[in-house]
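Given the structure is predicted, the values throughout are model-derived calculations rather than measurements.
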Amino acid sequence: MRFDVITLFPQVFEGYLAASIPRIAQEKGLVEILLHDLREYAEDARGTVDDRPFGGGPGMVLMCGPVFKAVEDICADKPGGELLMLSPQGERFDQRLACELAGRERLVLLAGHYEGFDERIRSGLQPHEISIGDYVLSGGELAAMVVMDAVIRLVEGVLGTGESVKEESFSGGLLEYPHYTRPRDFRGMKVPEILLSGDHGRVAEWRAAEALRRTRQRRRDLLGKDRQKEPEGEPDNK
Ligand code: ADE
């Protein structure tokens, strides 16, 4: 899978891409990530990419020229990729959307900065606009990394077995069950006996029940209408 990222700050991606899962995914040759500096697509020698808004008001607006040129150049060699634009006005990003995007061969991510994008970037390029939550970041770079991270770990082969993806939070529509590791007793807090029993069937049942209980307590909105009416159950620390 190939990612092209268009940004004014390619350097902020470098630390993230050199670490952990994104690094492994690139080393395995499963994912290719190309960073493109938007300033290189400026139409003047000074590298201007933003300007004051018509009609007045605070901040600067990203100009059409450099953004169109960047997208058109980058897509010219290999058309067919999906253009994603990171913005607080976009569709809310979630695990379902991450799974959908993980099925694409190529994603082109446009990370803005400053007050926003010239509206003709939306109407002319028709990007899939994505928000990572109802808050305003100072730029789309962190949002682009969030989207890439959530997608890359779903690309087949990146996480090894595939089991960890299947079992984690949201994949079954529920939050994940609690995990424990050694020691069995930490300052009097004990690992539930059932996890030490070696009975895989009972462990699986316990985990399913815990995932449901945790979701009821913390994120009722994730449950279907009927399940939302069920009682909340015991609090987490019981
Ligand atoms: N750019 C600024 N805020 C954002 C958000 N919440 N999601 C995506 N891109 C953004």
Side-chain angles (χ1 to χ4, degrees), residues 1-17 22 25-26 31-94 97-98 100-152 155:
M1 181 169 186
R2 173 165 156 183
F3 294 84
D4 288 274
V5 185
I6 304 170
T7 169
L8 283 166
F9 300 97
Q11 68 277 17
V12 309
F13 289 82
E14 282 161 12
Y16 153 72
L17 294 176
Q26 289 174 94
V31 160
E32 188 186 8
I33 304 168
L34 283 86
L35 300 174
H36 307 272
D37 187 344
L38 183 60
R39 238 171 252 293
E40 287 174 12
Y41 296 90
E43 293 172 310
D44 64 6
R46 289 175 52 225
T48 308
V49 292
D50 58 324
D51 207 345
R52 291 189 302 269
F54 281 126
M60 300 291 272
V61 176
L62 276 183
M63 299 163 79
C64 290
V67 173
F68 272 67
K69 191 163 186 298
V71 170
E72 284 160 2
D73 272 23
I74 290 161
C75 294
D77 62 324
K78 202 171 170 242
E82 180 164 349
L83 177 63
L84 310 181
M85 178 167 119
L86 288 312
S87 127
Q89 300 181 22
E91 175 185 355
R92 181 84 72 84
F93 187 64
D94 60 12
L97 184 50
E100 195 183 307
L101 296 177
R104 305 280 194 277
E105 259 177 48
R106 185 178 185 193
L107 295 175
V108 180
L109 292 96
L110 176 59
H113 228 85
Y114 311 125
E115 207 46 45
F117 299 89
D118 186 306
E119 189 61 21
R120 291 163 295 183
I121 294 170
R122 289 193 171 88
S123 52
L125 293 174
Q126 306 248 309
H128 182 170
E129 210 166 325
I130 293 179
S131 163
I132 61 161
D134 290 341
Y135 40 80
V136 180
L137 301 164
S138 51
E141 288 76 19
L142 286 170
M145 284 190 267
V146 166
V147 170
M148 281 173 26
D149 192 88
V151 171
I152 287 172
V155 171

Query raised in the report: For L38 and A70, which heavy atoms make the closest approach, and how far apart are they?
Result: CD1-CB, 4.1 Å

Query raised in the report: Above 12 or not: heavy atoms from other molecules or residues under 6.0 Å from CZ of F54?
Result: no

Requested in this report: Drop me the distance from I130's CD1 to L110's CG, to the nearest 0.5 angstrom.
Outcome: 11.5 Å

Query raised in the report: So, do D134 and R92 sit near enough that their side-chain heavy atoms are less than 4.5 Å apart?
Result: yes

Query raised in the report: Rounded to the nearest 0.5 Å, how far apart are CG of D51 and CG of L62?
Result: 10.5 Å

Query raised in the report: Looking only at heavy atoms, what is the nearest atom pair of M85 and I121, with distance?
Result: SD-CG2, 4.3 Å

Query raised in the report: Between I74 and R106, does a side-chain contact (heavy atoms from CB on, under 4.5 Å) hold up when you go through it step by step?
Result: CA-CA 11 Å; I74 290 161; R106 185 178 185 193; 3.5 Å; yes

**Report entry** Audit row: E14, L35, side-chain contact (heavy atoms from CB on, under 4.5 Å) steps and yes/no
**Finding:** CA-CA 9 Å; E14 282 161 12; L35 300 174; 4.2 Å; yes

Query - E129 side, atom CD; R122 side, atom CZ - distance, nearest 0.5 Å - result: 4.0 Å

Report task. Taking side-chain contact (heavy atoms from CB on, under 4.5 Å) as the test, write out the residues that go with R39, two or more places apart. Result -> L8, D37, V49, Y114

Query - Flag side-chain contact, heavy atom, 4.5 Å: P10 against V5 - result: no

Query - side-chain contact (heavy atoms from CB on, under 4.5 Å) between E141 and H113, intermediate numbers included - result: CA-CA 8 Å; E141 288 76 19; H113 228 85; 3.0 Å; yes

Report task. Compare all side-chain heavy atoms of L101 with those of F93 and state whether any distance is below 4.5 angstrom. Result -> yes

Report summary line: Value for CG (L86) from CD1 (I132), rounded to nearest 0.5 Å, stands at 7.5 Å

Query - D4 bridged to R2 by N-O distance under 4.0 Å - result: yes

Requested in this report: Find out whether V67 and D118 are in side-chain contact, i.e. whether some heavy atom of one side chain is under 4.5 Å from a heavy atom of the other.
Outcome: no

Report task. Spell out, as yes or no, whether a donor-acceptor pair under 3.5 Å connects the side chain of Q26 to the backbone of L17. Result -> yes

Requested in this report: State, yes or no, whether a side-chain contact exists between V31 and M148 at a heavy-atom distance under 4.5 Å.
Outcome: no

Query raised in the report: Do the side chains of C75 and V108 get nearer than 4.5 Å, heavy atoms only?
Result: yes

Query raised in the report: What closest approach, in Å, do P58 and P53 show between heavy atoms, and which atom pair accounts for it?
Result: O-CG, 4.1 Å

Query raised in the report: Does the side chain of T7 reach to within under 4.5 Å of the side chain of V12, using non-hydrogen atoms?
Result: no

Query raised in the report: Atom CD of E82 and atom CD of E105: how far apart are they, to the nearest 0.5 Å?
Result: 13.0 Å

Query raised in the report: Heavy atoms, side chains only, cut-off 4.5 Å: are L107 and H128 in contact?
Result: no

Query raised in the report: Counting N and O atoms only, with roles assigned by atom type, does the side chain of Y41 sit under 3.5 Å from a partner on the main chain of D73, one being a donor and the other an acceptor?
Result: no

Requested in this report: Calculate, to the nearest 0.5 Å, the distance between atoms CG and CZ belonging to L34 and F13 respectively.
Outcome: 12.5 Å

**Report entry** For the student: nearest non-hydrogen atoms of T48 and A42, plus distance
**Finding:** O-CB, 3.4 Å

Report task. May I have the step-by-step check of side-chain contact (heavy atoms from CB on, under 4.5 Å) for E32 and M1, ending in yes or no? Result -> CA-CA 6 Å; E32 188 186 8; M1 181 169 186; over 6 Å; no

